[in-house]
Structure formats: C-alpha cells, structure tokens
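Here's the structure we're looking at; comments come further down.
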Protein chains: 2
Amino acid sequence: MRRGIEFKKKARIIIVDDNYEHLSGIKELIEIESDFDVVATATSASVAISLIKKYRPEIVLMDINMPEKDGLTAIAEIEKLDLGVRIIALTGYDDPDLIFRAMKIGAKGYILKTMASAQLIYAIDEVAAGKIYLPATLSSRFFEYFQQSFKEETESADDEENLLNYLTQREEEVLDLLTQGITYKGVAQKLFISETTVKTHVNNIFQKLQVNDRTQAVLYALNNGFLNRRKVKIAI
Amino acid sequence: MRRGIEFKKKARIIIVDDNYEHLSGIKELIEIESDFDVVATATSASVAISLIKKYRPEIVLMDINMPEKDGLTAIAEIEKLDLGVRIIALTGYDDPDLIFRAMKIGAKGYILKTMASAQLIYAIDEVAAGKIYLPATLSSRFFEYFQQSFKEETESADDEENLLNYLTQREEEVLDLLTQGITYKGVAQKLFISETTVKTHVNNIFQKLQVNDRTQAVLYALNNGFLNRRKVKIAI
DNA sequence: ACGGGTTTAGACCACCCGGTCTATAAACGG
DNA sequence: CCGTTTATAGACCGGGTGGTCTAAACCCGT
C-alpha cells in the first residue's frame, strides 16, 4: 500500500551473508549512514530466497562466498523468479571470473567488502535508482575477461588451419544448405543443379573437411565459425 | 631501444576523425592539457590503418561515425593486426549497441564527444596505463545491454515449449551422441545396446522433435540449448 | 594456347538411414 | 494389480547417402 507523496521512497533491503559478524556490520552501516530500510537478513541462500518471496525487497545484498548453495546459483534462482529484485553481489576479492558470471546472470552491482563504506552506500543508491553499478577497478577487470573470452572465440573461428578456407564458393553454398538440414534433392532444387552435382560437391567438402558424413560436416562448420563469417562482416 | 629510467614515457597517439574541425580540436587539447605525443592524425579509416602500421602508436582515438569504412570495422582490422595498439572509441551518442560492439571487438575505452576534456585526458591516462576505461554512465548502458542479451539467450534455451524436455533420459543420451556425429553402429557400441534399439530411440526422437532426419535433430538440439543444460548447472 | 581449378553431370554400387510394425521385460504410478 | 511409460530388439523395405570413376564445359592466368 503506497500512500501520499514520496520524495525518496525508502528502498527495502535484504542482506545475505553467512558471516554473522559481517552481516550485522553492514546492517548497522546501512541503517546509520543511509535511509534505506533493512527489512531482513539471512545467513544462507535458501533462507534468503524465502525471505525475498515474503518481503519483496527492492535490493538484495548477496555475499557470493557461501557454503552449500553458493551465491551465484542463488542469484540465478532469484532472477528466475522475476520479481524485479535488484541484486548487488559482494565478495572479498576481485576475481574477474566471478564478476563476469555474476553480471551475466543478472547482478545489478558488484562491490568488494574491502571497499569504503561510502562506496557501498553509493552503489546501493545507484542500483536503487535503476542503474547498474560497477566500481571502475572491477569494471576494468570485467572488460579484460570479457574481451579475452571473445578474442578466443574469434581466434578459434578464423584462426590458423581452418579447413573451411579451402572450400570453393559453390561448396560453401552447398555446405550452407546442409547446415539447414536440407537433403541432396532439396539442395539441387535450390541451386538449380542436378542431384549428382550436389553429391560431387558434398564429397569434395567431406574430403576437404576430413569428415565422413553430412552430420560431421555440419558440426565442423558450426564449430568453426561458418555462420560467423557473415556475422563478422555484416553485424560485427 | 629503450634506454635509461622512464618515469612516464610519453605515449604516442594517433587520432582518427572524419571531421577535421573536431580532429584538430582534440589534437590541440591533448598537446596542451597532457604530455602525450600526437604523432599523426587521419580523417579516414584506411589512411589511419597505414599510419598505425608505420608509427606503431600506443593509443588510437577512433571516431566511430565515419563514412565509407566505419570505425567499428576499422577497430576490428587493427585488432587483427595484433600490434598491441590500444584503441579508444569516440562518438557523439551513447548507443548501447555501439558501445557493446566496440568493447566486444577489443576497444579499450569509449568516451563521448560531449564529455569534459578532463575526462578524455583521464581516459587516455587509464588506457595508457593498461587499464580499460568506460565512464560510469556508459558502463551502466553497456551492462543493461549485456544482461538483456544473456537473458534472451537463456530464455530461448529453457523457455516455454522446448521439445527437448519431452525426451527421456535414454533418448537424450542417444541424441547427445548424434550431436557428435556418431553413426547408429557407433552409438550402439557406446551404449552397449543393439543397433535396432538405437534406431527405435532415434525414431522416437525424430517424432518428439518433429524433424525428419539426424541433421535436423542435431541442429534442433544445438539451437535449443541442448549443451547448455549441463553448462547452466555446472558452470553458470 | 595450354594447364589448372571450378562447376557441372552421369553411372554404378554398397550400405547406412529412416519408416513401420511387432513384441517383451522392467519400472512406475495409481 | 493393472495400465502406462520406457528400454530393449527383431524383421522388412525403400530411398537417401556416401565412394569412386569418368568427363565435359568453363574461367583464369601466363
């Protein structure tokens, strides 16, 4: 029941941390230094989830390093509920893989326990305002990881000995149709050539890709960036 | 030939912008307000690339909105050269798609032309120091886009009517082997069952997935997150 | 003009694949 | 305890698939 005019509605927060000392520390900090409303706290992910269902907070502060059900799976589950809860992840160290995974599954912020309390409040402020907040140092880490993973992807796609490069243009067309699950007859009709011609092309493709059947050819094509060629050129 | 002690080696910069007014503006700004060394400027991407090959700068400021060869493809080409050049992208507006694509292909920073000159210098400083720099407002935009794209991906993977859910465990095993390009005979050997049993399973799979042949079944499996099921659970 | 690569195409054959029908044993759920 | 689901498997058959050989027409570069 919302009533009256709200200049700055007190966002409700739930804090989750298996370390009770730290949990109450953050709770006090928030209650004193900000005007957010800590409606509940939990020391385990499963308890947290039921509390979230009950209280429907705007913000959840979630420690990632917890025994049993870890914070990441907890975040994934909460996001799946689709309650509009905005989650801020919390850990002791700036592991880029952790940051990447947390942001990937939908965390709206990520801060380190070692950071100044003012930064925590600021992060909550930003996230409560609908933004996504990552401190500069962490976003730098994130992007390194992000770019690295894409670099590996494109390297494996066009790099070194990609047997797809040996295919002629016509063979690529045929392979393209094969990757759509079309039969020889269908390919022949689409390309306005005879079925035996298709077979010749396909056999050449098999030899060039060093595979034995159409399925393996399709898999090779898909795993080695056959579709990417166009994407890279058109869409980047 | 590096010699002696360097407190702060003057990073060499090349600026690329099709608008000459703006180009010289930035050039002057950098020369006056910082101690970086603008070794060259270009008003087109193709010229820029030859200049980069020649001067091997540490930093490139690249305008994204250019006629002919646009900035994004230029960045992709420069990154492909693998010269260790660190590129900062530059545009007038904060289009999240542009930001995402620029960062994806390897830009080390992204700033708006409307931003204060101090921020430009700061960005160059950070990038020159090996970090990746995105202003808070842009990184917020980036993450919204990033999370959205992942959300769609997982939705399409496990969402609604995924015919893969109707498969029995045994059928999944068989399909899994099919997605590796193995023949009936091979599957029969791997699962220690007769070849005709495999055929029975496969036929059931075809009917459940509403496809006609193994290739289409494999494609359906791949496009509907067959591999993801495990990934989501194990790796998040 | 000649040789090489590409695209086209035919013939023949073995066999894998996909469709259908039938059937048994185990497991599971009501 | 009985019906359903699942896993197993045999038989049969037709057509699609893959292997091999041959060859003509074409473009391209030297």
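Per chain, numbering begins at 1; letters A, B, ... match sequence-line order.
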message: Under 4.0 Å from OP1 or OP2 of D/dG10: is there any side-chain N or O of B/Thr196 that close?
response: yes
- prompt: Quick one: do B/Glu173 and B/Arg170 make a salt bridge, cutoff under 4.0 Å?
  reply: yes
query: Is B/Thr200 touching bases, backbone alone, or none of the nucleic acid, heavy atoms closer than 4.0 Å?
result: base
message: I'd like to know if the side chain of A/Tyr110 pairs up with that of A/Thr91 as donor and acceptor (distance under 3.5 Å, no hydrogens or angles considered).
response: yes
- prompt: Any ion pair linking A/Asp17 and A/Lys113 (charged N to carboxylate O, less than 4.0 Å)?
  reply: yes
message: For a quick check of understanding: with a heavy-atom distance under 4.0 Å over all strands, which category does B/Asn204 fall into, base, sugar-phosphate or nothing?
response: nothing
message: Under 4.0 Å from OP1 or OP2 of D/dG19: is there any side-chain N or O of A/Lys199 that close?
response: no
- prompt: More than 12 foreign heavy atoms under 6.0 Å from CZ of B/Arg141: is that the case here?
  reply: no
field: For atom CD of B/Gln207 and atom P of D/dT5, their distance in whole Å
entry: 14 Å
message: How many whole angstroms separate atom CD of B/Glu173 from atom P of D/dT6?
response: 14 Å
field: Rounded distance (Å) that lies between atom C1' of C/dC15 and atom NZ of B/Lys185
entry: 8 Å
- prompt: Going by number, which of residues 186-194 of chain A have a non-hydrogen atom under 4.0 Å from DNA chain C?
  reply: A/Ile193, A/Ser194
task: Look at the side-chain N and O atoms of B/Thr168 and state whether any lies under 4.0 Å from the OP1 or OP2 oxygen of D/dA7.
output: yes
query: In whole angstroms, how far is the P atom of D/dG18 from the CD1 atom of A/Ile205?
result: 11 Å
- request: Among D/dT8, D/dT17, C/dG18, find the nucleotide with the atom closest to the side chain of B/Tyr184.
  value: C/dG18
message: Rounded to whole Å, please give me the gap between CG in A/Asp213 and P in C/dG18.
response: 10 Å
message: Using the side-chain contact (heavy atoms from CB on, under 4.5 Å) definition, which of the options A/Leu175, A/Asn203, A/Thr168 pairs with A/Lys208?
response: A/Thr168
- prompt: Could you give the NE2-to-P distance, from B/His201 to D/dT5, as a whole number of Å?
  reply: 16 Å
- request: Let me know the distance between CD of B/Gln210 and P of C/dG19, rounded to the nearest Å.
  value: 14 Å
field: Upstream residue (5' side of DNA chain D) when B/Glu171 and B/Glu195 are each assigned their closest nucleotide
entry: B/Glu171
message: Less than 4.0 angstrom between a side-chain N/O of A/Thr197 and OP1 or OP2 of C/dA9, yes or no?
response: yes
statement: From CZ of B/Phe206 across to C1' of C/dG18 the rounded distance in Å is 7 Å
message: Check this one for me: any side-chain N or O of A/Asn203 less than 4.0 Å away from OP1 or OP2 of D/dG19?
response: yes
- prompt: Centroid-to-centroid, B/Phe142 to A/Phe146, below 6.0 Å?
  reply: yes
message: Using a 3.5 Å distance criterion without hydrogens, assess whether the side chain of B/Lys108 forms a donor-acceptor pair with backbone atoms of B/Gly106.
response: yes
